[in-house]
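Side chains are part of it too, since the values below use all heavy atoms of this structure and drop only hydrogens, waters and symmetry mates. Read the numbers this way: they start at 1 and go in the same order the structure lists the ligands and their atoms. These numbers come from a predicted model, not from an experiment.
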Amino acid sequence: MDTSELQRKIVELKEEKNALLIVHNYQIPEIQEIGDFVGDSLQLSRRAQEAGDVDLIVFCGVDFMAETASILNQDKKIIIPSARARCPMAAMLPVSVLRAAKESHPDASVVLYVNTYAEAKAEADVTCTSSNAAEIIGKLDAETILFGPDKNLVWYAGQKNPGKTLISVPADGFCYVHRFFGDGAAAMQLKDEYPEAELLVHPECEPEFQMRADYVLSTGGMYRRCQESDAKVFILGTEVGLVDRLRREIPGKTFLPALEHNECSAMKQITLENTYQALLDEEPVVKVPSEIAERARVPIRRMLEMS
Ligand code: 13P
Ligand code: SF4
């Protein structure tokens, strides 16, 4: 079956089953094209919360995102097209490590990046995404905050909130895709070639790269900046899926990846083929047990209210 035929069949089946196809910015273009909604982690959490009258949510993203949809929609069936779409960063914060940190810092508040598993979220005061981390940290009364698992996002939020003491849990959690940009030397070569370009960098990147950026933004923030800015050329320090989306949806501007082919292999586990199969079989199902979901819903809802 060719691509457009498969896309047509997925859309048909989705309508027949009253399903919602939620898609992260890092998905392959063929999936993005047929999504009911494409966005960053915060936008997808909000969309999942407002899922409304659908029978099925197909989550084209990674495991912790589908878990968040399950936490917010316990009465709905959530499926992820590939059980192999697992974010390695989320696995860097086992709940035992978080509990030990809480015992060592009993007065600290706990902020967790949404890139964590439900069990860990159930132990948090509030969650955050890359687009609202600094804002949420700033709004908390506590001076000392346990925050994880991404060390670079902790650094970013700390720069924006100099009055707070942020403790990274674990000490060195990271995203291998964003770490791969290093200090951004390749992006600076592009900047030499295109001096008029705006350099947009994700806060999961190393501090040295963030410091070179014109703006540090979530993928949703980058999308908005590319729409609204007068600049005509942009260098993007994030996963290339976003560059595909920008090229498709914002004509007349030039979008350059800070590194060619810097892909998240977890995100790229999802294909048109397994999306079609998952819709047909209605599996693999992602279902967070109700006892954990009840506790994990509190910090997620708090995030949605605070930002
Ligand atoms: P955002 O899309 O929220 O910026 O997050 C990027 C990411 O790495 C998700 O895993
Ligand atoms: Fe996880 Fe990084 Fe992939 Fe995002 S880009 S899903 S943080 S590995």
Side-chain angles (χ1 to χ4, degrees), residues 22-28 31-32 35 37-49 59-69 80-93 111-117 120-121 127-136 147-154 156-157 170 172-182 200-206 209-210 213 215-226 236-246 257-259 261-270 286 300 303-304 307:
I22 298 187
V23 176
H24 188 265
N25 283 325
Y26 295 161
Q27 291 292 295
I28 57 169
I31 300 273
Q32 292 187 17
F37 186 81
V38 185
D40 70 8
S41 311
L42 180 63
Q43 294 165 330
L44 299 190
S45 303
R46 282 200 198 287
R47 191 64 188 87
Q49 193 191 29
F59 213 106
C60 295
V62 288
D63 50 359
F64 69 82
M65 297 177 175
E67 274 196 358
T68 302
I80 187 163
S82 168
R84 295 172 63 172
R86 298 181 65 80
C87 167
M89 187 205 279
M92 289 176 191
L93 185 54
V111 180
L112 285 194
Y113 195 20
V114 287
N115 300 34
T116 42
Y117 290 126
K121 286 189 177 84
T127 61
C128 71
T129 72
S130 55
S131 69
N132 60 18
E135 181 190 359
I136 284 181
F147 184 16
D150 184 29
K151 190 178 81 167
N152 292 339
L153 185 65
V154 176
Y156 169 77
D172 187 25
F174 65 94
C175 163
Y176 77 96
V177 180
H178 289 89
R179 186 178 260 194
F180 203 55
F181 291 111
L200 311 184
V201 171
H202 197 276
E204 287 177 10
C205 293
E206 299 292 325
F209 191 19
Q210 292 189 38
Y215 296 93
V216 178
L217 296 164
S218 70
T219 61
M222 288 180 183
Y223 187 90
R224 271 191 304 279
R225 179 70 204 160
C226 292
L236 286 311
T238 195
E239 209 266 1
V240 292
L242 180 72
V243 181
D244 295 328
R245 183 176 176 206
L246 293 166
L259 274 180
H261 315 300
N262 194 12
E263 291 190 343
C264 170
S265 63
M267 287 280 181
K268 267 44 182 188
Q269 293 300 317
I270 293 173
V286 176
I300 297 172
M303 165 185 79
L304 295 172
S307 60

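Looking only at atom types and distance, the side chain of Tyr117 has a donor-acceptor partner in the side chain of Asp63 under 3.5 Å away. One side chain, Tyr113 or Glu204, offers a donor N or O that lies under 3.5 Å from an acceptor on the other.
Nearest heavy atom pair, residue His24 against residue Leu44, reads CA-CD1, 3.6 Å.
Near ligand 1, residues His24, Tyr26, Asp40, Ser41, Phe64, Met65, Asn115, Ser130, His202, Glu204, Ser218, Thr219 each place a heavy atom inside the 4.0 Å sphere around the ligand atoms.
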- Verify side chain to side chain contact (heavy atoms under 4.5 Å, CB included) between Val154 and Asp150, making sure each step is shown before the conclusion. CA-CA 6 Å; Val154 176; Asp150 184 29; 5.9 Å; no
- Task: Kindly determine whether His202 and Thr219 satisfy side chain to side chain donor-acceptor pair (under 3.5 Å), including the steps that lead there.
- Result: CA-CA 7 Å; His202 197 276; Thr219 61; 5.5 Å; no
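Surrounding CZ of Arg84 are at most 12 heavy atoms belonging to other residues, nucleotides or ligands under 6.0 Å away.
Distances shorter than 2.8 Å separate atom 3 (Fe) of ligand 2 from the protein N/O/S atoms Cys264 SG.
Salt bridge annotation for Glu239-Lys268: present, with a cationic side-chain nitrogen under 4.0 angstrom from a carboxylate oxygen. In summary, Asp40 and Arg224 do not engage in a salt bridge, as defined by a charged side-chain N under 4.0 Å from a carboxylate O.
In this structure, the side-chain contact (heavy atoms from CB on, under 4.5 Å) partners of Phe180, at least two apart in sequence or on a different chain, are Leu259, Asn262. Applying the ring pair (Phe, Tyr, Trp, His ring centres under 6.0 Å) rule to Phe181 yields the partners Phe209; only residues at least two apart in sequence or on another chain are considered.
Look at Glu204 and you'll find a heavy atom under 4.0 Å from some atom of ligand 2.
Ligand 2 places these atoms under 4.0 Å from at least one heavy atom of Asn115: 7 (S).
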